[in-house]
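Okay, so here's the structure we're looking at.
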Protein chains: 2
Amino acid sequence: MNAGPDLTMLAGAVGDATRIRMLELLMEGRALVAKELAFGTGVSPATATAHLQRLEQARLIRATRQGRNKVFRLATPTVARMVEALMTVAVRGPRASAAPEPLRAARYCYDHLAGRLGMGITDALLRSGHLSLRRRAFVLTPSGEAWCQDFGIDLSSVREQRRHFAHRCLDWSERRDHLAGALGAALAARVFSLGWVERQPDSRGLIVTPGGQRGLKRHFGVL
Amino acid sequence: MNAGPDLTMLAGAVGDATRIRMLELLMEGRALVAKELAFGTGVSPATATAHLQRLEQARLIRATRQGRNKVFRLATPTVARMVEALMTVAVRGPRASAAPEPLRAARYCYDHLAGRLGMGITDALLRSGHLSLRRRAFVLTPSGEAWCQDFGIDLSSVREQRRHFAHRCLDWSERRDHLAGALGAALAARVFSLGWVERQPDSRGLIVTPGGQRGLKRHFGVL
DNA sequence: TTCATCGTTCGCTCCATGGCGAACCATTTC
DNA sequence: GAAATGGTTCGCCATGGAGCGAACGATGAA
């Protein structure tokens, strides 16, 4: 049994919805860069920086620089066990095991779509021949270029971004690759600006609106 | 892997210095009444009520009524494990294992003194014959009554309180009984009002002032 | 019955801090 | 070199909520 100032600092560090969601994101094992954590929690980069500094100061996460990126990971396995203990208590809350489902249905993975929604769109584009799967990435076919234009994606502005165009990203809930990279982000942004999906208030999950269900069915045959 | 509103509520419930100290107090095994928790964390009863309600709403503690008292205990062993996991992370902070020492030296146990200080005073009173140990409680001897008067404790007002006069309380760090009850509280209050001890800013621990060291040595031969 | 005492509720103040946008370095890419 | 991007810093606003005191039911002791 003991106490001390450390514990109050720890309490302050852990006791915030955004910060605990950051820890939760890092619990997936992969190290994430700052912007991913900002996107994943739905806050601005500036706000994310403040949170990450506080978590780092409390020795809960560890940061390493890679080029102009800063990648974060959980500091120690002890921290991981602590987060797990918190989750264990959380899931036996009022309505247990209701939480994971919306996440598996639709969520953001960084700046693109994941979950069954992201996989469904990716599959639809593959089936219709708009997208082709290569070893390290997806490739947009000529028919896919036409489809993008039709869907309202400005390919020229997407291509001039300095990042991978159509990367593969492993979906942890579906166990398969979905569309990521600049094209994945542009597609997600378009779907969002069409009002097809909305961010869930206190979760990383997304909600597909009624209009979105119709649109997704018409364009992709999903949902 | 999961998320959800439950986790944000849990984060909010845990993420406060006063509330986490309440959980810490309850980690000592014994169930505590509201006022004990208020005293132990150094807040007013009104503030304590708010905190306890929040902890109860988050299912971290459970309350049962006993007469006009309300006793609180940790809700489940799972919660205890969570608090322990938090402590485990906390103690490997910047300066590890520095925290327990001041607590073992001197602290409040509810409204009376505990730790080596509380034990030392109790032992001194027993050795000098001012206090006598009985099966269920301490007894103040005639010489002890005179001593109290000399020390500045108004015994008449202590006796008219509706609570046990000189209860025995098990010290978890010393593994022996120290003086509690109305007399123990009055003695602690007197020591406090003499400026011999001061509450440590962010801990349950007490600091013995230089003047207190002299006074304690003169009156009790301790420290 | 009368009076303490425990806990709660209410109203209020005040501080911490989460959040953002804008401006600013650092680094990479063309 | 120029341009774009990742991250940080700064200033500001708004709000949540921690804290208290006072007044109020409820319970138990005398």
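Letters A, B, ... mirror the listed sequences (proteins, then strands); counts begin at 1.
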**Asked** Mind checking what makes side-chain hydrogen bond (donor to acceptor under 3.5 Å, both in side chains) contact with A:T64, not counting sequence neighbours?
**Response** none
**Message:** Nearest 0.5 Å, please: how far is CZ in B:F151 from CG in B:L125?
**Reply:** 9.0 Å
**Heavy-atom donor-acceptor pair, B:S132 side chain to B:V139 backbone, under 3.5 Å** = no
**Asked** Near B:Q149 CD, under 6.0 Å, is it more than 12 heavy atoms from other residues, nucleotides or ligands?
**Response** no
**Whole-Å distance separating the CD atom of A:E36 from the P atom of D:dG6** = 11 Å
**Prompt:** Could you state the CE-P distance from A:M9 to C:dA16, rounded to the nearest angstrom?
**Reply:** 16 Å
**Prompt:** Checking B:N69 side chain against B:V71 main chain: does a donor-acceptor pair fall under 3.5 Å?
**Reply:** no
**Item:** Whole-Å gap separating C1' (D:dG7) and CD (A:Q53)
**Value:** 10 Å
**Complete:** To the nearest angstrom, the CZ-P distance between A:F39 and D:dG7 comes to 12 Å
**Message:** Could you check whether any side-chain N or O of A:E36 sits under 3.5 Å from a backbone N or O of A:V33, counting only pairs where one atom can act as donor and the other as acceptor?
**Reply:** yes
**Prompt:** Angle class for the A:H130/A:W147 ring planes (parallel below 30°, perpendicular above 60°, tilted otherwise)?
**Reply:** parallel
**Request:** Would you please confirm or rule out a distance under 4.0 Å between OP1 or OP2 of C:dG7 and any side-chain N or O of B:K70?
**Result:** no
**Request:** Assign a letter to each nucleotide of nucleotides 17-30 of chain D from its 5' end: B, base within under 4.0 Å of a protein heavy atom; S, sugar-phosphate only; -, no contact.
**Result:** SSBBB-----BBB-
**Message:** Under the side chain to side chain donor-acceptor pair (under 3.5 Å) test against B:H51, which residue among B:E56, B:R21, B:R19 passes?
**Reply:** B:R19
**Item:** Degree of bending, the helix from C:dT1-D:dA30 to C:dC30-D:dG1 (end axes from five pairs; round to 10°)
**Value:** 30°
**Protein-nucleotide distance (A:F72, atom CZ; D:dG7, atom P), rounded to Å** = 8 Å
